[in-house]
Protein chains: 2
Amino acid sequence: MPGKARTTKAKLQSAAFRRTRSDHSKELAADYVELIADIIDERGTARGTDVALRLGVANATVVKMLKRLTDMGLVTQEPYRPIDLTGEGWLMAETGRKKHQIVERFLLALGVGEETARIDSEGIEHHVSDETLKAMGRFLARNSS
Amino acid sequence: MPGKARTTKAKLQSAAFRRTRSDHSKELAADYVELIADIIDERGTARGTDVALRLGVANATVVKMLKRLTDMGLVTQEPYRPIDLTGEGWLMAETGRKKHQIVERFLLALGVGEETARIDSEGIEHHVSDETLKAMGRFLARNSS
DNA sequence: ATGAAAGTTTAGCCTCTGCTAAATTTGAAT
DNA sequence: ATTCAAATTTAGCAGAGGCTAAACTTTCAT
């Protein structure tokens, strides 16, 4: 029954693509939140300008995004004040950092150069499932003396 | 000079983020083109409906996207006719397939399950540089008997 | 204490990628 | 040959994520 097989394949495949698409918005949120956490840790306080500068984006874009992040319960802000993360925001940042670190160290262990590891891990990070992350962790355990 | 250091760091980082962002549109184009190639190989001809079904997207969305892909010189189409790839389109599809295959086989070799390997490779594929791809290739050469 | 610089916000615009509903075309069965 | 179902296209909408320019706060020096 080729029709049935076709449908099944399509369903499987579309699920994967759908996941990839839905990842994209979460990805951006995670990037913002992680970056804000980094900035707060570095200088005690995060201003919109810092975020805009590091993300390579206009101030207005950051403002708009922060509104969305506020709605998602990840950041808090009062007008004209620096940005703060909620508990959930910190949690997300922490999770992201761990993930990022594993992926980056994994690429290095695989023999990839520092610069490339840094760049690629940024892109790959958000598409790695827990299962794959675990496999990378095992590899690191085996291959780091 | 902390100000200088800050600026440098911001520039490096923003470049990475900018790359990630600009990747997204290319990514989608690549997904469409690869999928069209697969469908043509499988059934000789690719219709918009097949693409929509497998991508998990509405027909109208496919139509609109095909227009963009046509402008990019990747596909050709006459109204109400099946979709064709240009030479450039086939080239992109072939490149993507090879990349995809390496990433997927790499994940499998790393000990990731089939289902996860399929899904994660779909997401990761577009964020892997040539250098990382080569490193994955080396790993495969070492670890497949 | 005030005025300029730095930072933030608003307003209004754009493109991309999606959607539904309605029109149109094609192709196949009667 | 006609009709009808399936496929395609058009029209119009939405939301995310960008931008610039202009308005508005805050902060800091003088």
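Labels below follow one simple rule: chain letters A, B, ... track the order of the sequence lines, proteins then strands, and each chain is numbered from 1.
- The distance between atom OH of B/Tyr80 and atom P of D/dT8, rounded to the nearest whole Å, is 10 Å.
- Below 30°, between 30° and 60°, or above 60°: for B/His24 and A/His24 the angle between ring planes is below 30°, a parallel geometry.
- Of the side-chain N and O atoms in A/Thr49, none sit less than 4.0 angstrom from OP1 or OP2 of C/dA6.
- Across the protein-nucleic acid pair, A/Gln77 atom CD and C/dT8 atom C1' stand 10 Å apart, rounded to whole Å.
- In terms of modelled atom types and a separation under 3.5 Å, the side chain of B/Arg18 and the main chain of A/Gly56 share a donor-acceptor contact.
- Regarding A/Asp23, its CG atom lies at a distance of 17 Å from the C1' atom of D/dG17, rounded to whole Å.
- Here CZ of A/Arg19 is found 8.5 Å from NZ of A/Lys26. Values are rounded to the nearest 0.5 Å.
- Distance A/Asp50 CG to C/dA6 P: 14 Å, rounded to the nearest Å.
- Between A/Arg81 and D/dT27 there is a side-chain N or O to OP1 or OP2 distance below 4.0 Å.
- Less than 4.0 Å separates DNA chain D from at least one heavy atom of each of the following residues of residues 56-69 of chain B: B/Asn59, B/Ala60, B/Val63, B/Lys64, B/Lys67.
- One atom, CD of A/Glu78, and another, P of D/dT25, lie 16 Å apart when rounded to the nearest Å.
- In this structure, B/Phe17 atom CZ and D/dG17 atom P are separated by 14 Å, rounded to whole Å.
- Under 4.0 angstrom from either OP1 or OP2 of D/dG18 there lies at least one side-chain N or O belonging to B/Arg21.
- Here the P atom of nucleotide C/dT17 and the CG atom of B/Leu55 are 12 Å apart, to the nearest Å.
- The only option from B/Glu122, B/Glu115, B/Glu114 that meets the salt bridge (charged side-chain N to carboxylate O under 4.0 Å, His left out) definition with B/Arg118 turns out to be B/Glu115.
- Place B/Pro79 and A/Ser25 on DNA chain D by their nearest nucleotides, and B/Pro79 ends up nearer the 5' end.
- Between the CD atom of A/Glu27 and the C1' atom of D/dG17 there is a distance of 13 Å, given to the nearest Å.
- When atom types are taken as modelled, the side chain of A/Asp50 and the backbone of A/Arg47 share a donor-acceptor pair closer than 3.5 angstrom.
- Ring geometry, B/His127 versus A/His127: the interplanar angle falls under 30°, so the pair is classed parallel (tilted spans 30 to 60°).
- A donor-acceptor pair under 3.5 Å is formed between the side chain of B/Thr86 and the backbone N or O of B/Leu74.
- When the nucleotides C/dT26, C/dT17, D/dG17 are ranked by their closest atom to the side chain of B/Leu28, C/dT17 comes out on top.
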